[in-house]
Student: 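Below is a structure I'd like to ask you about.
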Amino acid sequence: KNQVEQSPQSLIILEGKNCTLQCNYTVSPFSNLRWYKQDTGRGPVSLTIMTFSENTKSNGRYTATLDADTKQSSLHITASQLSDSASYICVVSLTTDSWGKLQFGAGTQVVVTP
Amino acid sequence: EAGVTQFPSHSVIEKGQTVTLRCDPISGHDNLYWYRRVMGKEIKFLLHFVKESKQDESGMPNNRFLAERTGGTYSTLKVQPAELEDSGVYFCASSPRTGSFLSGNTIYFGEGSWLTVV
């Protein structure tokens, strides 16, 4: 069972609308949580990084939240644009000496339609 | 500044053959990682170099996979002999050494090397 679960698996939204993606993790110990955007056929691109002590982090129209007590995170996309169509991946880092040993979720595929 | 570059971008080989994937990290990044995504699965960690040393290779699936980073610059990942289940996308990523461990560093990914074993 993946230690990083994302929902929904996919969603379709109209251009200009908002949406929220969910991530639940069971990884422990935990150091930081990242959200990545991956366009089709491309590599993942970092959107946000949050430590266990941070509750929210924004990057333009993307806002990530983190509740380390319930082990939940969300990514909110405001005023979606066609270019937001991509897979959004929740990624958790373990507290080890290898902080690049990331645990990836399966991603949420977002399609923004005109 | 150039990002993480990977070569080849696509490769189709027959079962039993050998393939070598190359990764050039961002200049000055001591940390280099290999990940892969096989069909229908999430991206998974393979290994981590700090300069030329293997820091963590716990994700390497078996001894058919060999990663090297001679000189601490570019890295290669060799699969020999390739099996059908090795098909997938192999991502290389890099990050600088500096920064807080807990906050982590931004990890920059390459575009991936798509491997198809037939």
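Every chain is numbered from 1, with letters handed out A, B, ... down the list of sequences.
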Student: Heavy-atom cut-off 4.5 Å, strictly under: side chain, backbone, both or neither for B:S9 against chain A?
Tutor: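 B:S9 has no heavy atom closer than 4.5 Å to chain A.
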
Student: Take atom NZ in B:K54; do more than 12 heavy atoms of anything else shown fall under 6.0 Å from it?
Tutor: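 Enclosed: over 12 neighbouring heavy atoms sit under 6.0 Å from NZ of B:K54.
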
Student: Indicate if B:L46 and A:V91 have the same hydrophobic cluster label, given that clusters are the connected sets of ILVMFWY residues with side-chain heavy-atom separations under 4.5 angstrom.
Tutor: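 Not linked; separate clusters.
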
Student: Would you name the heavy atoms of A:G43 and B:F91 that are closest together and state the gap between them?
Tutor: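 Closest pair (atom of A:G43, atom of B:F91, distance): CA-CE2, 3.7 Å.
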
Student: Is the closest side-chain heavy-atom distance between A:R34 and B:I107 below 4.5 Å?
Tutor: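 Yes, close enough: below the 4.5 Å cut-off.
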
Student: Which heavy atom of A:K101 sits nearest a heavy atom of B:S58, and at what distance?
Tutor: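 What the structure gives for the nearest pair is NZ-OG, 2.8 Å.
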
Student: Just checking B:R64: does its CZ atom have more than 12 heavy atoms from other residues, nucleotides or ligands closer to it than 6.0 angstrom?
Tutor: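 Result for CZ/B:R64: enclosed.
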
Student: So, taking the atom named CD in A:Q38 and the one named CD in B:E111, what distance separates them when rounded to the nearest 0.5 Å?
Tutor: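 Between atom CD of A:Q38 and atom CD of B:E111 there are 9.0 Å.
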
Student: Cluster question for you: counting only ILVMFWY and a side-chain heavy-atom cut-off of under 4.5 Å, with indirect links fine, are B:L115 and B:L47 together?
Tutor: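 Yes, because B:L115 and B:L47 connect within a single hydrophobic cluster, where side-chain heavy atoms sit under 4.5 Å apart.
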
Student: Can you establish whether the number of heavy atoms outside B:Y74 located under 6.0 Å from its atom OH is more than 12?
Tutor: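 No, not enclosed.
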
Student: Applying the 4.5 Å side-chain criterion to the ILVMFWY set and letting contacts propagate, would B:V50 and B:I26 be lumped into a single cluster?
Tutor: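 Cluster IDs for B:V50 and B:I26 differ.
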
Student: First locate atom OH of B:Y35, then atom CZ of A:F104, and finally report the distance between them rounded to the nearest 0.5 Å.
Tutor: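 If we round to the nearest 0.5 Å, B:Y35:OH and A:F104:CZ are 5.0 Å apart.
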
Student: Which is it for B:Y33 and A:L102 under the side chain to side chain contact (heavy atoms under 4.5 Å, CB included) test, yes or no, and what are the steps along the way?
Tutor: CA-CA 10 Å; B:Y33 316 89; A:L102 307 175; over 6 Å; no

